[in-house]
Amino acid sequence: MSDIHVDVLIIGAGPSGCVAAAYLNSQGFNIKVVEKSLFPRFVIGESLLPRCMEHFEEVGLLESLKAANFEIKNGARFLRDDVVCNFDFSKKHTDGWDWTWQVPRADFDDILAKEIVKKGVDVSFEHEVVDVTFEADGSSITTVKDADGNNYNIHAKFIVDSSGYGRVLPRLLDLDKPSSIPVHSSIFGHVKDINRPEGEEGTLITFDVLDKDTWFWVIPFSNGNTSLGFVGKNEFIDSFNGTTSERLQNMLKESDYYYQRFKDAPLLFEPKSIRNYSKAVKQFYGKGYALTGNSAEFLDPVFSSGVTFATESALKAAKLITKELKGESVNWEEDYTNYIKRGVDVFATYVKEWYTGNLQTLFFHRPENPEVKRQICAVLAGYVWDETNPFVKKHDRLVKTLAHLINMEKEKSESN
């Protein structure tokens with residue numbers, strides 16, 4: 001195959017790659033997308049946040065998604081013992097979308113990829129990046145292996161790495177670093193939801209909190225299937241023996257609320273396991289490239305932030321690339337790294353404080369404080385750049401402080 005010359009090479013055709021491609025294509029650039037997998041393909045990250053709806057709308061991908069009639073997600077439910085904490089996205093501090101979807105990602109990603117092809121983007125599936133070299137000016141030559149095992153080169157002015165869990169440039173350029181998020185693992189799969197209740201109960205995304213470090217997700221889809229997954233410390237996951245199917249089915253016994261519903265539900269494939277899944281990088285960009293989505297940072301999935309960070313970073317990177325290729329000055333450190341890190345840091349605080357127990361104290365304290373709940377709800381909806389929200393602006397201390405006050409009050413009342 002002859003060498004290919006493009007303005008921008010995008011690695012990965014998931015939501016991040018598709019948003020970047022759709023925007024750059026709309027600006028008139030010559031784009032090439034290479035994707036290692038053949039779509040449709042399974043990937044985790046099935047619960048979206050309202051914030052990402054803005055990104056799909058802005059780049060012209062929203063209408064194609066609406067036509068798929070995915071399950072509407074109006075909020076999220078957290079259970080612990082006998083206490084229920086419901087978040088309603090229409091009751092949040094920050095203006096913006098108040099709903100999103102719960103999606104089988106195989107179908108969702110396939111729709112996005114087909115839509116950018118319709119828009120004229122050149123996408124090659126089963127094409128794997130095996131090497132990349134950068135010139136001093138940021139231009140690059142990327143070696144790609146096609147489905148038949150043949151190599152060819154792509155010459156690009158800029159590369160967007162949206163490879164997600166593949167983490168192509170972090171691996172090739174030695175950009176990975178240890179995550180500060182606690183070490184957890186997960187086992188998850190899809191079942192045919194044969195005992196799904198009628199009405200809202202059957203459609204609610206729910207996080208069943210088994211203990212401070214262990215939780216179980218339930219994500220119903222509109223096609224009658226449901227995603228189930230357990231997250232816990234490695235020792236909890238390792239305490240179950242057998243195949244991943246046997247382990248997941250035994251784990252179901254840990255959920256008093258859901259065991260009866262799912263104990264006989266047929267698994268649709270052998271469940272998958274991810275160990276020590278949180279990832280971080282030394283830098284978000286370099287001369288001639290930017291990392292987006294899970295290629296940059298991957299946080300614990302308890303608040304479903306993955307796709308939103310993927311699309312937020314993709315759109316931000318695409319806009320900065322547009323400026324740079326048009327000869328305008330771009331401050332990548334301030335306008336990309338620092339911007340994305342502000343959002344990542346907010347969510348990272350919530351993940352860390354979830355596992356310290358402080359955030360769980362706020363969720364399950366009764367009576368609820370409506371204003372505090374509205375502010376936290378905006379964070380859970382993905383609006384983590386809105387510094388009019390105290391739980392964004394003071395995220396690093398407010399959760400901890402409020403939990404401390406609640407615990408002090410509880411101790412005081414118990415001693416009286």
Side-chain angles (χ1 to χ4, degrees), residues 44-45 47 49 51 76 78-80 85 87 92-93 165 176-186 207-217 229-237 274-282 284 293-294 296-310 312-313 337-365 369 372-373 375-387 389-408 410:
I44 202 62
S47 169
L49 302 183
R51 171 75 176 185
F78 293 81
L79 309 178
R80 190 179 72 182
C85 179
F87 285 97
K92 65 182 184 305
H93 171 84
Y165 299 107
D176 277 317
K177 73 173 185 180
S179 171
S180 62
I181 301 294
V183 176
H184 289 81
S185 296
S186 179
F207 301 86
D208 187 4
V209 183
L210 306 180
D211 60 45
K212 185 166 68 71
D213 288 294
T214 314
W215 52 277
F216 170 51
W217 79 66
F230 282 85
V231 173
K233 284 189 171 178
N234 291 339
E235 50 264 37
F236 169 79
I237 300 295
I274 299 180
R275 194 174 183 86
N276 305 336
Y277 44 68
S278 294
K279 303 290 183 184
V281 289
K282 299 170 187 173
F284 282 48
N294 294 347
E297 299 266 346
F298 179 65
L299 302 175
D300 187 280
V302 64
F303 301 122
S304 308
S305 63
V307 170
T308 295
F309 275 127
E312 183 86 38
S313 57
T337 295
N338 292 347
Y339 174 81
I340 296 299
K341 274 189 173 179
R342 283 198 295 273
V344 169
D345 287 348
V346 174
F347 258 121
T349 288
Y350 279 70
V351 170
K352 291 171 187 173
E353 295 294 5
W354 175 263
Y355 289 113
T356 65
N358 286 332
L359 192 59
Q360 295 185 39
T361 295
L362 269 58
F363 278 26
F364 298 110
H365 174 66
N369 180 316
V372 166
K373 192 170 183 181
Q375 292 168 1
I376 292 176
C377 187
V379 172
L380 301 187
Y383 292 94
V384 290
W385 288 270
D386 175 17
E387 295 203 345
N389 183 349
F391 277 83
V392 169
K393 189 174 180 63
K394 304 174 185 176
H395 65 92
D396 53 341
R397 56 186 186 277
L398 196 52
V399 172
K400 190 181 302 182
T401 301
L402 194 51
H404 179 66
L405 292 173
I406 289 171
N407 289 328
M408 283 181 60
K410 183 180 178 183

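In what follows, residues are counted from 1 in the order of the sequence shown. All values reported here derive from a predicted model rather than from experimental measurement. Note that these values count all heavy atoms, side chains included, but never hydrogens, waters or copies made by symmetry.
Proximity of Phe391 to Thr349: side-chain heavy atoms (C-beta onward) are nowhere separated by under 4.5 Å. For the pair Lys92/Lys373, no side-chain contact is recorded, criterion being any heavy-atom separation below 4.5 Å from C-beta on. Between Met408 and His404 there is a side-chain heavy-atom pair separated by less than 4.5 Å. Looking at heavy atoms from C-beta onward, Val307 lies out of side-chain contact with Leu49 at the 4.5 angstrom threshold. At least one side-chain heavy atom of Val351 sits less than 4.5 Å from a side-chain heavy atom of Val302. For the pair Cys377/His93, no side-chain contact is recorded, criterion being any heavy-atom separation below 4.5 Å from C-beta on. Leu362 has its side chain out of reach of Asn358: every pair of non-hydrogen atoms, C-beta onward, lies at least 4.5 Å apart.
Remark: aromatic rings of Phe347 and His395 are distant, center separation not under 6.0 Å. Phe87 and Phe363 have their aromatic ring centers within a separation under 6.0 angstrom. Here Phe230 and Trp217 keep their ring centres 6.0 angstrom or further from each other.
Heavy atoms of other residues, nucleotides or ligands lying less than 6.0 angstrom from NZ of Lys282 number more than 12. Enclosure of atom NZ in Lys212 by more than 12 non-hydrogen atoms of other residues, nucleotides or ligands within 6.0 angstrom is indicated.
In this structure, the separation between NE2 on His365 and SG on Cys85 is 12.0 Å, given to the nearest 0.5 Å. Taking CD1 of Ile274 as the start and OG of Ser185 as the end, the distance is 9.0 Å to the nearest 0.5 Å. One distance of note links NZ of Lys400 with OG1 of Thr361; it measures 13.0 Å at 0.5 Å rounding. Within the model, atoms CG of Asp386 and CZ of Arg51 stand 9.0 Å from one another, a figure rounded to the nearest 0.5 Å. Taken to the nearest 0.5 Å, the NZ atom of Lys394 stands 11.5 Å off from the CD atom of Glu387.
Contact detail for Gly293 and Ser313: the closest heavy-atom pair is N-OG, 2.9 Å.
Under a 3.5 Å cut-off, the side chain of Thr308 and the backbone N or O of Ser305 do not form any donor-acceptor pair.
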- Task: Before giving the answer on side-chain contact (heavy atoms from CB on, under 4.5 Å), spell out for Val392 and Trp385 the whole-Å C-alpha distance, their side-chain angles and the decisive distance to 0.1 Å.
- Result: CA-CA 7 Å; Val392 169; Trp385 288 270; over 6 Å; no
- Query: Can Phe78 and Phe364 be said to form a ring-ring contact (aromatic ring centres under 6.0 Å, His included), step by step?
  - Reply: CA-CA 9 Å; Phe78 293 81; Phe364 298 110; 7.2 Å; no
- Tell me, with the steps shown, if Thr356 and Glu353 meet side-chain contact (heavy atoms from CB on, under 4.5 Å). CA-CA 5 Å; Thr356 65; Glu353 295 294 5; 2.8 Å; yes
- Message: ring-ring contact (aromatic ring centres under 6.0 Å, His included), that's the test. Do Tyr355 and His184 meet it? Break it down for me.
- Response: CA-CA 10 Å; Tyr355 289 113; His184 289 81; 4.0 Å; yes
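The only member of Phe309, Trp354, Trp215, Phe207 that meets ring pair (Phe, Tyr, Trp, His ring centres under 6.0 Å) when paired with Phe303 is Trp354. A side chain to side chain contact (heavy atoms under 4.5 Å, CB included) with Asn389 is found for one member of Val379, Ile376, Val346 and no other, namely Val379.
For Thr214, the side-chain hydrogen bond (donor to acceptor under 3.5 Å, both in side chains) partners are Asp211, not counting sequence neighbours.
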